Amino acid sequence: MTPAVLIVSATPYRSNRAAGIRLLHEVDALTLSGYAVELLLPPLGDPIYSSARQVHFPPRFPLLRGLPARRLSVRRAWYALTLLHKALRLALQRHYTLVLGIAEGSLAACLVAWFCRIPLIYEHPPRRPLGPLKRWIARRADLLLSPSRDIIPKARAIGLGSRVSYLPDIPSAIQPPSPAQVARAQSIWAGGHEKQPVIVIVGTRRDFPFGTLPEAIKQLYQIRPDIQYVFIGGTTRQIATLRRRLCQDTPELPARFSGCLQPESLSIALAASTFCILHLPPAEEVPMRLLDAYLASAPVLALGSGEEVALPGVRRCLDEPSEWVRAMVDLVDDGEGRARLAREGRGALGPERTPGGFAAGVATCCGFVLELHNRGKVGMR
């Protein structure tokens with residue numbers, strides 16, 4: 001009989017966000033390791049296409065289109081209770097070998113694992129504090145998992161010992177784009193001008209656009225009108241605001257707005273660029289969008305203050321229009337510098353940052369938890 005794993009997440013699935021992409025990577029890794037995977041998600045978000053055997057949803061809250069940003073709300077409490085009820089029913093019916101609770105879904109996973117005596121893996125998201133409730137769950141889990149290295153000292157501080165593991169993210173795209181795909185994107189952007197430079201700016205909902213970059217782009221247009229700009233990410237309102245800022249004084253500025261892209265399309269855009277501009281958090285962890293740039297061999301220019309940890313393949317720039325302009329001109333004109341950054345980025349993708357390495361890490365974690373469970377050495381239930 002094929003061992004079955006239930007993954008519980010309280011976050012609606014989004015196909016172009018890091019959390020949703022990592023979820024699919026985990027499903028594929030578990031399937032490759034011989035597990036039958038079932039998902040339990042809120043009935044919101046994008047349609048999900050994965051190798052999971054089945055996707056389950058709790059009842060939908062009437063007239064609800066999304067979850068509120070605040071943690072404490074009636075709608076979030078509703079989904080927490082319905083998620084727990086659905087998870088418990090599934091666990092009693094299907095006899096899972098393992099339960100994986102992700103972020104806010106870990107509470108329902110923890111209670112179900114305790115009630116049904118199933119091994120539990122708790123995945124803690126990066127750059128979030130390990131608060132009292134999360135510490136309580138972590139102590140009762142058989143393994144605490146995270147894509148962030150800083151989870152290890154936090155876990156050992158609460159007495160988890162060896163029951164903690166660091167499993168880094170991998171690029172959202174499985175493989176780099178083909179030369180034909182890159183050439184087609186370049187020809188579309190350049191409009192027949194083969195050597196026309198293209199700068200791709202990748203933002204998120206929280207940092208679109210970054211700082212004084214729009215003013216710097218308008219200044220650069222006066223100096224180098226041959227440069228094309230492609231903006232990726234942002235909401236519809238953010239894109240409209242940015243378009244007004246850029247075109248108010250420079251209506252002829254050659255800018256494209258692609259919105260949010262799927263992993264394969266993003267990889268093609270990065271590979272087709274002269275270089276890309278990313279917003280990188282000050283933490284030491286490498287975000288998925290930077291891994292995508294590494295995979296696409298795209299040089300990276302990022303906002304910095306001089307106090308960040310140095311990252312391979314990345315040039316930092318102060319948030320001043322003149323600094324942005326100087327950095328962008330330098331990278332456009334310095335082919336050797338771009339090649340050096342691209343080599344550094346490709347070299348940073350070690351074996352653990354590949355789909356095979358990720359699958360091996362997932363299999364090791366599951367094997368460790370099942371061995372502890374079989375020996376009777378489980379979390380503090």
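Predicted, not measured: the structure shown is a model, and the values here were computed from it. One-based numbering along the sequence shown.
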For Ser258 and Val230 the tightest heavy-atom approach is OG-CG1, 3.7 Å
In short, Gly34 meets Thr2 closest at the heavy-atom pair O-CG2, 3.4 Å
Side chain to side chain contact (heavy atoms under 4.5 Å, CB included) test vs Arg316 passes for just one of Leu280, Val300, Leu301, namely Leu280
ILVMFWY cluster, Val182 and Tyr294 together (side-chain gap under 4.5 Å): no
Exercise for the section: Would you check if the side chain of Asp142 reaches a backbone N or O of Ile121 as a donor-acceptor pair within less than 3.5 Å? Expected result: no
When every non-hydrogen atom of Ala18 is compared with those of Met288, the smallest separation belongs to O-CE, 3.7 Å
Item checked: Short side-chain to backbone donor-acceptor contact, Arg140 and Trp136, under 3.5 Å -> yes
Between Ser51 and Val27 the two heavy atoms that sit nearest each other are OG-CG1, 3.5 Å
Ser146 (side chain) donor-acceptor with Ser148 (main chain) under 3.5 angstrom: yes
Between the main-chain N or O of Ala109 and the side-chain N or O of Tyr122, is there a donor-acceptor pair closer than 3.5 Å? no
message = Checking Asp292 against Ser172: is there a side-chain donor and acceptor pair closer than 3.5 Å?
response = yes
Arg338 side chain to Leu331 backbone, donor-acceptor under 3.5 Å: yes
Of all heavy-atom pairs linking Gly101 and Leu120, the shortest is N-CD1, 4.2 Å
query = Between the main-chain N or O of Tyr166 and the side-chain N or O of Arg149, is there a donor-acceptor pair closer than 3.5 Å?
reply = no
**Message:** Test salt bridge (charged side-chain N to carboxylate O under 4.0 Å, His left out) on Arg128 and Glu104; report intermediate values, then the result.
**Reply:** CA-CA 12 Å; Arg128 290 192 188 177; Glu104 281 72 20; 3.1 Å; yes
Donor-acceptor contact present, side-chain Gln238 to main-chain Thr235, <3.5 Å:
yes
Closest non-hydrogen contact found for Ala138 with Leu160 is O-CD2, 3.5 Å
Which of Leu41, Val55, Leu98, Leu39 passes side chain to side chain contact (heavy atoms under 4.5 Å, CB included) with Ile7? Answer is Leu39
Evaluate Ile199 against Ser273 for side chain to side chain contact (heavy atoms under 4.5 Å, CB included), listing each step before the verdict.
CA-CA 6 Å; Ile199 301 176; Ser273 67; over 6 Å; no
* Any chain of hydrophobic side-chain contacts (each under 4.5 Å) joining Ile21 to Leu270? -> no
Q: State whether a side-chain donor-acceptor pair under 3.5 Å links Glu38 with Tyr96.
A: yes
Are Leu23 and Leu32 connected, step by step, through hydrophobic side chains (Ile, Leu, Val, Met, Phe, Trp, Tyr) whose heavy atoms are closer than 4.5 Å? no
Give a yes or no on whether the backbone of Asp169 and the side-chain of Arg353 come within a donor-acceptor separation of less than 3.5 Å. yes
**Message:** Could you check whether any side-chain N or O of Ser106 sits under 3.5 Å from a backbone N or O of Ala103, counting only pairs where one atom can act as donor and the other as acceptor?
**Reply:** yes
Expected output: side-chain Thr212 to main-chain Glu215 donor-acceptor under 3.5 Å | no
With Leu278 as partner, the option from Ile201, Val314, Leu290, Val200 fulfilling side chain to side chain contact (heavy atoms under 4.5 Å, CB included) is Leu290
**Q.** Test item: Gln54 and Arg94 side chains (from C-beta on) under 4.5 Å apart, heavy atoms
**A.** yes
**Prompt:** Taking atom types as modelled, is there a side-chain donor on Ser15 or Gln262 under 3.5 Å from an acceptor on the other?
**Reply:** yes
Subject >> Heavy-atom neighbours of Gln93 CD exceed 12 at 6.0 Å >> reply: yes
Verdict with reasoning, Ile102 to Thr11, per side chain to side chain contact (heavy atoms under 4.5 Å, CB included)
CA-CA 9 Å; Ile102 300 178; Thr11 303; over 6 Å; no
Practice task
Report whether Phe115 and Leu107 are members of the same hydrophobic cluster (ILVMFWY, side-chain heavy atoms less than 4.5 Å apart, transitive linking).
Solution key: yes
After noting the C-alpha distance and the side-chain angles of Trp324 and Leu303, does the key distance pass the side chain to side chain contact (heavy atoms under 4.5 Å, CB included) rule?
CA-CA 9 Å; Trp324 279 116; Leu303 177 65; 4.0 Å; yes
